[in-house]
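Below is one structure; the comments refer to it alone.
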Amino acid sequence: MFLAKIFITRRRSILDPQGKAVELGIKSIGLENISDVRIDKYIELKINDSVYASAVQSIEKVCNDLLANSHLEDFTYELIEL
């Protein structure tokens, strides 16, 4: 069994209105030393498989077909054997 830690991030060229809103909020509480706030997605899931290569295929399929919008987002992941 593997634990997949998936990070889905908007491409840098894509506007991040939630990140900008948080950045404005941070400035409104007096913290001027924080910038470039990005709000992205972090997902964990377990893969019931004992073969690393097969688990990699599963995680890439779920990311490509379901979790990440390939036009707007990129994804990376970590696979940890449990």
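What you are looking at is a predicted structure, and each value in this text was computed from that prediction instead of being measured.
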Set of residues satisfying side-chain hydrogen bond (donor to acceptor under 3.5 Å, both in side chains) with respect to Arg11, sequence neighbours excluded: Asp74
Leu15 reachable from Ile8 in the ILVMFWY side-chain graph, under 4.5 Å edges: no
Taking NZ in Lys27 as the centre, count heavy atoms belonging to other residues, nucleotides or ligands within less than 6.0 Å. Is the count above 12? yes
Residues in side chain to side chain contact (heavy atoms under 4.5 Å, CB included) contact with Leu82, at least two apart in sequence or another chain: Met1, Leu3, Lys46
For residues 22-42, which residue pairs qualify under ring-ring contact (aromatic ring centres under 6.0 Å, His included), counting only residues two or more places apart or in two chains? Phe7-Tyr42
Going by the rule side-chain hydrogen bond (donor to acceptor under 3.5 Å, both in side chains), which residues pair with Glu78 if we only count those two or more places apart in sequence or in a different chain? none
Could you list the residues that satisfy side chain to side chain contact (heavy atoms under 4.5 Å, CB included) with Ala4, not counting sequence neighbours? Ile6, Leu45, Ile47, Ile59, Leu79
Using the ring-ring contact (aromatic ring centres under 6.0 Å, His included) rule, collect all pairs that involve residues 13-37, keeping only residues at least two apart or in two chains. none
Contacts of Glu60 meeting side-chain hydrogen bond (donor to acceptor under 3.5 Å, both in side chains) (sequence neighbours excluded), chain-then-number -> Tyr77
Identify every side-chain donor-acceptor pair in residues 49-58 under 3.5 Å, counting partners at least two apart or on other chains, and give the distances.
{"unit_1": "Asp49", "atom_1": "OD1", "unit_2": "Val51", "atom_2": "N", "d": "2.9"}
{"unit_1": "Asp49", "atom_1": "OD2", "unit_2": "Ser54", "atom_2": "OG", "d": "2.5"}
{"unit_1": "Ser58", "atom_1": "OG", "unit_2": "Ser54", "atom_2": "O", "d": "3.3"}

Mind checking salt bridge (charged side-chain N to carboxylate O under 4.0 Å, His left out) for Glu73 and listing every partner two or more places apart, or none if nothing turns up? Lys41
Could you name each residue pair satisfying salt bridge (Lys or Arg N to Asp or Glu O under 4.0 Å) that touches residues 62-71, not counting sequence neighbours? Lys61-Asp65
Got a sec, which residues hit side-chain hydrogen bond (donor to acceptor under 3.5 Å, both in side chains) with Asp40, two or more places apart in sequence or on another chain? none
Run the side chain to side chain contact (heavy atoms under 4.5 Å, CB included) test against Val37 and tell me which residues pass, sequence neighbours left out. Val22, Glu23, Ile26, Ile34, Ile39
